[in-house]
Amino acid sequence: MPTNQEAVELFQGIADLLDVLGERFKPEAYRRASRSIESLTEDLGAIAARNELRTVPGVGDAIEEKIREFLATGHLDYYDRLRKEVPPGIVELLKIPGLGPKSARRFWLEPGVEGPAELADAIRAGKLEGMKGFGPKKVGQIQAALAAAGASPAGGRLPIEVAYPIAQRLVAGLRAAGGVEAIELAGSFRRARESVGDLDLLVTSAEPERVFDAFSRLPEVREVRLRGGTKETVVLTQGLQVDLRVVAPEAFGAAWQYFTGSKDHNVHLRSLARDRGLKINEYGVFRGDERVAGRTEAEVYATLDLAWIPPEIREDRGEIDAAARGELPSLVERTDLTGELHCHLAPAATPREVDRTIEAARALGLGYLGFVVAWETADGGRITLPAATVAHLDSVRSPGLRVGRAVEVGPSGPPGEWSPLRADYTVVRPTGKTPDPPTDPPKGPPVLVAHVGGESAARKWIAWARSAGAAIEVGPGAERLDSTGARAAREADVRLVLPTGVGNPEADPTRAVALGFARRAGTTKSDVRNAASAAEVTRAWAPRPRA
DNA sequence: GCCGTTTTCGGCCCGACTGTTTTCAGTCG
């Protein structure tokens, strides 16, 4: 059976083809359906089996029919027919920055160009001269874009944990340059999407020119792609595009809302506004010429009688209706976290490092801190912290902070059996030898599943965690649940664990990104194991030995 | 092709920027 991702690509492909064929509204309809499927947390096949495809936003009679055909046969006649009408290279042209469907169609129909390479040849041969709307400057841009596309294919999306430190540096750089009053990040970064295609920065400033100049001169900026009175677009050395916009303070909320998106969320808001005789744009909410809101996001939402909606769930997946009914979930906050359950130290960590970590936990106000004292590595090796270090963490008496021990093992044995060390609880991880969950539920102390990522592994381990009463860790990277996995876990009534960042100074993005993923999945405090009270979490831990 | 507390037909977010334009079209987000 085809995967959701294959359906996403199928409908995107149809949209591109329809675009080139000159269709007006169908392409957007297929893109809408494609985005909608992309944000599903369940297989299309399962939804189809329940006869609920029409509940997916953007799916109507025609697209439901096409999904069913695709699920049943693995292909789609309609798509195959469209592909016969358009040379494959014409769709490739759409990927060239600055070239859209109108231009691609004209190159195809007028000089008869059927792909990027042919277009480059046609330009060199002067075949575009005299084409209306394509003067020397435009042709030069296209030529440069074609060359750039050939040199570095796919300017793909960046994982958010990779983009995170880049974004922090850009913000810090702009602040240091001066002239900046408020500065915030928007776009899919703010919505905590797993990957970002670009970064959106929003600034208020009395001196936009000064800010743009400073932005252009940041060390990571490779080229300035465009610059106007209110926005500047640059490309960073590693290829990421960044948009910087300067807005007036009284419009900051409207602009932040607008540039945070998502597109579908904004379109929905706008149609609500229209129904009320209001107009929303990035400058504010207007009744006629009168601005009625715009300084803060909450103000903008309030004009539509909506509560402020957290950015992580602005995907037009029902959050607007929920806000209208006053039924938005109260999403987990950083300050809800009561402790850390998965703190790794270096294999040769000293007692001093234990103390430093405990200090960090105290600074965050955590009520418990579980150190992994022995662990099985991904390739089946075994590591135990130095005896003096383990003895030291047992001896620590820190008022208000309960220190615990965890042992991290593969799923093969009864958890913890191989370890000579007492453990308050067990962390289970898939290993190279045994990536699948054990058939029997674990016996003994409470269990946290960590280092699980990837769609199929996540599915299996969520099912196991459910039967075992275990929790699963959320966060960035291939070894933790992303927002889709977190939602699946939540829907299976499996508790989540969020990293606090304690004990891992390198992992600044980890804590923030994990929290974003959890919120994106609609997670509330009660879904998170390490947001319960310290007493509740540590109740099952072994009694402390006397010092 | 989708969608509906104004609609089952007639709409479909809206503005910045660029280049090529004598008033606008295309692209992008």
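Chain letters run A, B, ... following the sequence lines, proteins first and then strands; every chain starts at 1.
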request  = Between A:Pro97 and A:Glu232, just flag the one whose closest nucleotide in DNA chain B comes earlier from the 5' side.
outcome  = A:Glu232
message = Which is more 5' along DNA chain B, the nucleotide nearest A:Lys132 or the one nearest A:Arg245? Just name the residue.
response =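 Looking at DNA chain B, the more 5' nearest nucleotide goes with A:Lys132.
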Report the distance from atom [atom1] of [X] to atom [atom2] of [N], rounded to the nearest whole Å.
X: A:Leu278; N: B:dC13; atom1: CG; atom2: C1'; answer: 14 Å
X: A:Arg190; N: B:dG29; atom1: CZ; atom2: C1'; answer: 17 Å
X: A:Arg24; N: B:dC12; atom1: CZ; atom2: C1'; answer: 9 Å
X: A:Leu304; N: B:dC13; atom1: CG; atom2: C1'; answer: 14 Å
X: A:Leu269; N: B:dC14; atom1: CG; atom2: P; answer: 12 Å
X: A:Phe134; N: B:dC24; atom1: CZ; atom2: C1'; answer: 14 Å
X: A:Glu28; N: B:dG11; atom1: CD; atom2: C1'; answer: 15 Å

Between [X] and [N], is there a contact of a side-chain N or O with OP1 or OP2 at under 4.0 Å?
X: A:Lys138; N: B:dA25; result: no
X: A:Asn281; N: B:dG15; result: yes
X: A:Gln141; N: B:dG19; result: yes
X: A:Gln241; N: B:dG29; result: yes
X: A:Lys66; N: B:dG1; result: yes
X: A:Thr233; N: B:dC28; result: no

request  = Please answer whether B:dC12 and A:Phe25 are stacked, defined here as ring centres separated by less than 5.5 Å and planes angled under 30°.
outcome  =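 Check passed, A:Phe25 stacks on base of B:dC12.
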Can you tell which of [options] lies closest to the side chain of [X]?
X: A:Arg270; options: B:dC14, B:dA16, B:dG1; answer: B:dC14
X: A:Ser103; options: B:dG15, B:dC2, B:dG26; answer: B:dG26
X: A:Pro101; options: B:dG19, B:dG1, B:dT27; answer: B:dT27
X: A:Leu226; options: B:dC2, B:dT18, B:dG19; answer: B:dT18
X: A:Lys231; options: B:dG1, B:dG26, B:dC17; answer: B:dC17

Base, sugar-phosphate, or nothing: which does [X] touch, judged by heavy atoms less than 4.0 Å apart?
X: A:Arg227; result: sugar-phosphate
X: A:Glu282; result: sugar-phosphate
X: A:Gly187; result: nothing
X: A:Lys279; result: sugar-phosphate
X: A:Lys26; result: base

Donor-acceptor contact present, side-chain A:Glu491 to main-chain A:Ala488, <3.5 Å = no
task = Return the orientation label for the A:Phe107 and A:Phe134 ring planes: parallel under 30°, perpendicular over 60°, tilted otherwise.
result = tilted
query = Using the purine O4'-C1'-N9-C4 or pyrimidine O4'-C1'-N1-C2 torsion, is B:dT21 syn (within 90° of 0) or anti?
reply =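 Anti, angle beyond 90° from zero.
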ask   = With distance as the sole criterion, do the side chain of A:Tyr258 and the base of B:dG15 form a donor-acceptor contact below 3.5 Å?
value = no
ask   = A:Tyr283 and A:Tyr258: aromatic ring centres closer than 6.0 Å?
value =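 Centroid distance A:Tyr283-A:Tyr258: not below 6.0 Å, so no.
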task = Tell me whether the centres of the aromatic rings in A:Phe70 and A:Phe11 are closer together than 6.0 Å.
result = no
message = Ignoring hydrogens and geometry beyond distance, is a side-chain donor-acceptor pair present between A:His265 and A:Glu315 at under 3.5 Å?
response = no
request  = Check whether more than 12 heavy atoms from other residues, nucleotides or ligands sit under 6.0 Å from atom CZ of A:Arg276, and answer yes or no.
outcome  =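 Yes.
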Polar atom pairs between nucleotides 3-10 of chain B and protein, under 3.5 Å, N or O only, would you list them?
{"from": "B:dC3", "atom 1": "OP1", "to": "A:Gly58", "atom 2": "N", "distance (Å)": "2.8"}

query = Considering only the P atoms, how many Å lie between B:dG15 and B:dG10, rounded to the nearest integer?
reply = 26 Å
remark   = As its Watson-Crick or G-U partner within any shown strand, both distances under 3.5 Å, B:dC17 has B:dG26
